[in-house]
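What follows is a short report on a single structure.
Heavy atoms only: backbone and side chains are in, while hydrogens, waters and symmetry mates are out.
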2 protein chains.
Amino acid sequence: MNSDFTLAIHSLTYLALQLDHMSTSDAISESACVHPVRIRKVLSLLKKHGFIVSKEGIGGGFIFSKDASEVNLWDIYRITSDGALQPKCPDSNEDCVVGANMQKVLFSIFIGAEQHLGQYLKNYTIKDIVDLVNQKNQLC
Amino acid sequence: MNSDFTLAIHSLTYLALQLDHMSTSDAISESACVHPVRIRKVLSLLKKHGFIVSKEGIGGGFIFSKDASEVNLWDIYRITSDGALQPKCPDSNEDCVVGANMQKVLFSIFIGAEQHLGQYLKNYTIKDIVDLVNQKNQLC
DNA sequence: TGTACTGTAATATTAATTGTTACAGATAGG
DNA sequence: CCTATCTGTAACAATTAATATTACAGTACA
């Protein structure tokens with residue numbers, strides 16, 4: 001799985017703790033240790049789906065436009081990583097009973113796996129993540 | 001996810017249809033359209049876990065040593081792809097509340113996700129895959 | 001009108017996956 | 001006991017995917 005999914009979670013969690021002002025991609029990238037352009041790419045997806053709002057120019061940046069408890073990890077997964085579970089297997093041999101049909105069989109199984117994963121991810125909202133982060137932080 | 005998992009499934013399904021004789025890595029690789037050395041690598045893992053038996057030399061190869069209904073996809077996943085769901089995110093910024101704790105929080109969530117996925121994969125045995133492949137084949 | 005942002009494309013770099021070559025060791029059969 | 005055919009692995013090459021970087025247009029504010 002590429003890390004756009006975790007980057008999106010990271011960014012939203014960050015924003016959920018900065019509700020009073022906009023955060024720049026530079027600030028978020030410093031927290032996540034990735035290039036600011038990547039943050040902007042991922043956040044532009046989240047923006048298209050209405051989870052955040054952005055503003056260009058001085059004082060601009062990104063800010064949460066929903067309540068953190070309204071956004072769950074499955075929402076984010078579908079935006080950033082839909083189909084990522086599906087392994088990219090090579091086209092197999094059409095002259096072999098196994099090769100000719102395996103791909104379709106596995107495809108449908110992985111579709112099911114992703115939906116099943118969704119049931120799990122739906123249980124976690126960004127608010128939950130914020131709480132877990134705070135919780136871990138107090139232990140240090 | 002790398003495709004060792006699907007390769008293992010492909011190979012075992014192939015073997016499940018060739019119970020009367022040993023199959024060479026060449027034969028399996030032809031069905032799966034990958035290099036025979038990769039087949040040998042993956043199958044050596046399955047051998048270590050007792051799912052198959054191998055024999056070197058003339059007339060050698062691989063053969064199933066269990067009943068296809070005794071091996072499920074979760075068994076195979078753990079052997080070939082354990083931890084594959086875990087995204088490899090960069091170490092994040094320790095000076096930031098989010099950065100410092102996110103990694104641990106996400107780690108435990110992905111552990112849970114993998115276990116949840118396991119519940120789904122347990123529902124499919126190699127026998128089920130064989131049946132599905134045969135079923136698809138009859139439609140053509 | 002200059003400065004500080006986002007948005008996005010194009011390119012470069014790095015890392016992961018896969019393929020290839022090479023060869024030691026096992027085994028059956030002549 | 002010698003040769004052909006297989007597995008088992010390691011080392012290396014090639015390919016592909018992920019990520020970083022650079023560049024620049026567009027927007028907003030002061």
Side-chain angles (χ1 to χ4, degrees), chain A residues 1-8 10-11 14-15 18 21-30 32-49 51-65 80-93, chain B residues 1-8 10-11 14-15 18 21-30 32-65 80-92:
Chain A
M1 167 142 34
N2 76 15
S3 58
D4 282 0
F5 180 44
T6 56
L7 254 190
H10 192 127
S11 303
Y14 186 98
L15 293 180
Q18 315 278 333
H21 60 84
M22 296 203 121
S23 305
T24 66
S25 59
D26 258 48
I28 302 169
S29 78
E30 207 161 308
C33 289
V34 295
H35 203 275
V37 170
R38 251 192 98 195
I39 296 288
R40 298 209 285 272
K41 269 184 204 158
V42 171
L43 292 193
S44 89
L45 287 173
L46 296 176
K47 180 190 172 183
K48 275 174 192 150
H49 287 80
F51 294 129
I52 57 176
V53 163
S54 71
K55 205 174 64 173
E56 304 182 12
I58 294 175
F62 302 89
I63 196 163
F64 227 124
S65 62
T80 61
S81 308
D82 195 41
L85 225 55
Q86 208 70 230
K88 42 223 154 299
C89 39
D91 292 336
S92 44
N93 193 337
Chain B
M1 167 143 30
N2 77 13
S3 58
D4 283 0
F5 179 46
T6 56
L7 254 189
H10 193 127
S11 302
Y14 185 98
L15 293 179
Q18 314 279 335
H21 61 84
M22 296 203 122
S23 306
T24 67
S25 58
D26 258 46
I28 302 170
S29 78
E30 208 161 309
C33 290
V34 296
H35 203 276
V37 171
R38 251 192 99 196
I39 296 287
R40 298 209 285 273
K41 270 183 203 161
V42 171
L43 291 192
S44 89
L45 286 174
L46 296 176
K47 181 192 173 183
K48 275 174 192 149
H49 288 80
F51 295 128
I52 59 176
V53 162
S54 72
K55 204 173 68 174
E56 305 182 12
I58 294 176
F62 302 88
I63 196 163
F64 227 122
S65 62
T80 60
S81 309
D82 194 41
L85 224 55
Q86 207 69 232
K88 44 224 154 298
C89 39
D91 292 336
S92 44

**Q.** From B:V37, B:L43, B:V42, residue fulfilling side-chain contact (heavy atoms from CB on, under 4.5 Å) relative to B:I39
**A.**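 Option passing the side-chain contact (heavy atoms from CB on, under 4.5 Å) with B:I39: B:L43.
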Which of B:T6, B:L7, B:D4 passes side-chain contact (heavy atoms from CB on, under 4.5 Å) with B:T80? Answer is B:D4
Of the nucleotides [options], which has the atom closest to the [X] side chain?
X     : options               : value
B:I58 : D:dC6, D:dT5, D:dA23  : D:dT5
B:K48 : D:dA23, D:dT9, C:dT18 : D:dT9
B:T24 : C:dT6, D:dA20, D:dT7  : D:dT7
A:H35 : C:dG19, C:dT6, D:dA20 : D:dA20
A:F62 : D:dT21, D:dT7, C:dT6  : C:dT6

Let me know the distance between [atom1] of [X] and [atom2] of [N], rounded to the nearest Å.
X     : N      : atom1 : atom2 : value
B:L45 : D:dT7  : CG    : P     : 16 Å
A:M22 : C:dA4  : CE    : P     : 18 Å
B:L7  : C:dT17 : CG    : P     : 13 Å
B:K55 : C:dG25 : NZ    : C1'   : 16 Å
B:I63 : C:dT27 : CD1   : P     : 16 Å
B:D4  : C:dT17 : CG    : P     : 9 Å
A:I39 : C:dT8  : CD1   : P     : 16 Å
A:F5  : D:dA18 : CZ    : P     : 16 Å

Look at the side-chain N and O atoms of [X] and state whether any lies under 4.0 Å from the OP1 or OP2 oxygen of [N].
X     : N      : answer
A:K47 : C:dG7  : yes
B:K41 : C:dG19 : no
A:S54 : C:dG7  : yes

Per nearest nucleotide of DNA chain C, the residue lying toward the 5' end, A:V37 or A:G61, is A:G61
- Starting at the 5' end of DNA chain C and moving along, which residue's nearest nucleotide shows up first, B:G57 or A:S25?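 So the residue in question is A:S25.
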TODO: Check the side chains of A:R38 and A:S3 for a donor-acceptor pair under 3.5 angstrom, ignoring hydrogens and angles.
DONE: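 Yes, because at least one side-chain N or O of A:S3 sits under 3.5 Å from a partner of the opposite role on A:R38.
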Note to self: So, under a plain 3.5 Å distance rule, would you say the side chain of B:R38 forms a donor-acceptor pair with the base of C:dG19?
What the structure shows: no
(message) Under 4.0 Å, counting only non-hydrogen atoms across every strand here, what does A:G59 touch: a base, just sugar-phosphate, or nothing?
(response) nothing
Q.
Does A:E30, at its CD atom, have more than 12 non-hydrogen atoms belonging to other residues, nucleotides or ligands within less than 6.0 Å?
A. no
NZ (A:K47) and CZ (A:F62) are apart, to the nearest 0.5 Å, by 7.5 Å
Practice prompt. Between A:P36 and B:S44, name the one whose nearest nucleotide on DNA chain D is closer to the 5' end.
Written response: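 Its nearest nucleotide lies further toward 5', so the answer is B:S44.
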Q. Do B:P87 and A:F5 come within less than 4.5 Å of each other through their side chains, counting heavy atoms only?
A.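 Answer no - side chains too far apart.
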